[in-house]
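Everything below concerns the one structure shown next.
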Amino acid sequence: MVAGFVLLFVAERRRSLRRRTRPASERAIINAIVSVPAFTLLRFLFIPVMMQVARHNWRRRFGLNYAYNAPTLVKTLVAFLVMDYTNYLWHVLNHKLPLLWRFHLVHHSDHDLDVTTALRFHFGEMIGSVFYRGAFVLLAGASAMQVLLYEILFEGATQFHHSNWRLPVPLEKGLNKIIVTPRMHGIHHSIKKYEADSNYSVIFSFWDRLHNSLQLNVAQEDVVIGVPAYNDPHELTISYLLKMPFSHVRQWDAAPAQI
Ligand SMILES: [Zn+2]
């Protein structure tokens with residue numbers, strides 16, 4: 001994960017996709033510090049809970065994957081598809097349910113999008129996802145190894161599609177048939193509500209195709225990153241971001257503060 005992060009951090013500086021609006025170092029520090037509670041919960045709560053659920057599945061032979069016979073590779077693919085599809089739905093819920101949006105807003109309020117945005121999650125969002133994602137690990141009958149492999153892919157994919165790395169268009173087009181790419185996810189972080197209400201997939205991009213929530217025909221130079229009501233970068237301090245879900249949440253385009 002660290003190696004992937006460093007590679008993307010270097011790559012997005014060599015070949016940038018979108019022009020930055022804020023100093024990169026300022027955002028990197030804010031995003032890194034905001035991520036500490038969420039990252040601690042991820043390592044010491046989320047992953048151990050997922051492992052426990054997977055062990056429970058194994059002991060009780062519980063869940064979808066224990067209900068049929070097939071090679072391990074097939075079962076691994078089934079577990080990945082269940083976990084990834086339900087993560088697509090979780091992301092949609094994070095945008096549609098006001099309670100969840102309070103937490104997810106912290107992530108979307110970033111004024112640029114790069115690999116450090118992949119760290120910027122409020123710890124409250126992590127707590128919610130333990131229950132939600134744990135339930136689907138249980139129902140999928142996923143094994144501990146499948147959960148761990150999926151988690152590695154999930155975190156790697158999250159770093160990749162948040163990065164500001166300009167890939168050659170034909171390569172990105174090809175990759176995008178299967179996985180979420182930086183241009184695709186960049187549109188999801190747009191200040192335009194109808195663009196932000198698209199491209200919810202995490203690893204596999206086909207969930208958006210399936211649900212008609214895919215939007216690709218937006219040039220990256222036209223994408224402005226952020227949430228209109230939170231466009232004052234001086235307001236978004238570390239303590240403000242950590243308290244954000246527990247204070248008044250503005251409508252998407254309510255009276256924006258002046259930059
Ligand atoms: Zn989102």
Side-chain angles (χ1 to χ4, degrees), residues 8 17-18 21 27 30-31 34-35 38-39 41-42 46 83-133 136 153-164 176 179-216 218 220 222-231 236 241-242 244-245 249-254:
L8 290 165
L17 181 58
R18 294 164 293 263
T21 62
R27 288 182 42 263
I30 292 173
N31 291 349
V34 166
S35 79
F39 189 76
L41 282 175
L42 174 76
F46 181 85
M83 288 189 276
D84 204 53
Y85 179 54
T86 51
N87 278 335
Y88 163 89
L89 297 176
W90 171 246
H91 192 186
V92 173
L93 290 175
N94 270 276
H95 280 258
K96 305 291 180 202
L97 299 182
L99 176 67
L100 297 181
W101 172 246
R102 288 178 167 271
F103 296 94
H104 195 53
L105 168 62
V106 175
H107 176 66
H108 274 267
S109 64
D110 205 351
H111 288 124
D112 287 314
L113 195 62
D114 63 21
V115 70
T116 71
T117 315
L119 304 173
R120 182 185 172 121
F121 285 98
H122 194 278
F123 62 88
E125 188 173 336
M126 192 59 68
I127 294 170
S129 76
V130 171
F131 294 99
Y132 177 90
R133 290 176 62 188
F136 287 102
L153 287 178
F154 178 92
E155 288 184 35
T158 303
Q159 289 182 1
F160 172 65
H161 66 230
H162 283 99
S163 78
N164 195 24
N176 190 243
I179 61 166
V180 179
T181 53
R183 285 180 176 89
M184 175 179 170
H185 199 69
I187 296 166
H188 175 68
H189 276 262
S190 164
I191 61 164
K192 292 179 182 160
K193 186 82 169 70
Y194 65 93
E195 289 174 358
D197 284 336
S198 69
N199 303 355
Y200 295 105
S201 299
V202 182
I203 299 180
F204 300 121
S205 58
F206 37 76
W207 309 122
D208 278 300
R209 285 195 181 82
L210 202 69
H211 284 273
N212 242 332
S213 54
L214 184 76
Q215 207 167 168
L216 295 176
V218 182
Q220 291 298 304
D222 297 337
V223 176
V224 179
I225 304 291
V227 175
Y230 293 90
N231 73 351
L236 301 177
L241 290 169
L242 290 172
M244 206 178 203
V249 169
R250 296 174 201 145
Q251 291 292 314
W252 181 267
D253 47 9

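In this text, all values refer to a predicted model and were calculated from it rather than measured experimentally. Read the numbers this way: they start at 1 and go in the same order the structure lists the ligands and their atoms.
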Are His122 and His104 close enough that their ring centres sit under 6.0 Å apart? no
Could you give all pairs that pass the salt bridge (charged side-chain N to carboxylate O under 4.0 Å, His left out) test and reach residues 185-196, with sequence neighbours left out? Lys193-Asp197
May I ask you to list the protein N, O or S atoms found at less than 2.8 Å from the Zn ion (ligand 1)? His91 NE2, His95 NE2, His104 NE2, His108 NE2, His188 NE2
With Arg133, which residues qualify under salt bridge (Lys or Arg N to Asp or Glu O under 4.0 Å), at least two apart? Glu151
Closest heavy-atom contact between Met184 and Asn199? O-ND2, 2.8 Å
Is the His185 ring parallel, tilted or perpendicular to the His161 ring (thresholds 30°, 60°)? tilted
Tyr88: what forms a ring-ring contact (aromatic ring centres under 6.0 Å, His included) with it, not counting sequence neighbours? His211
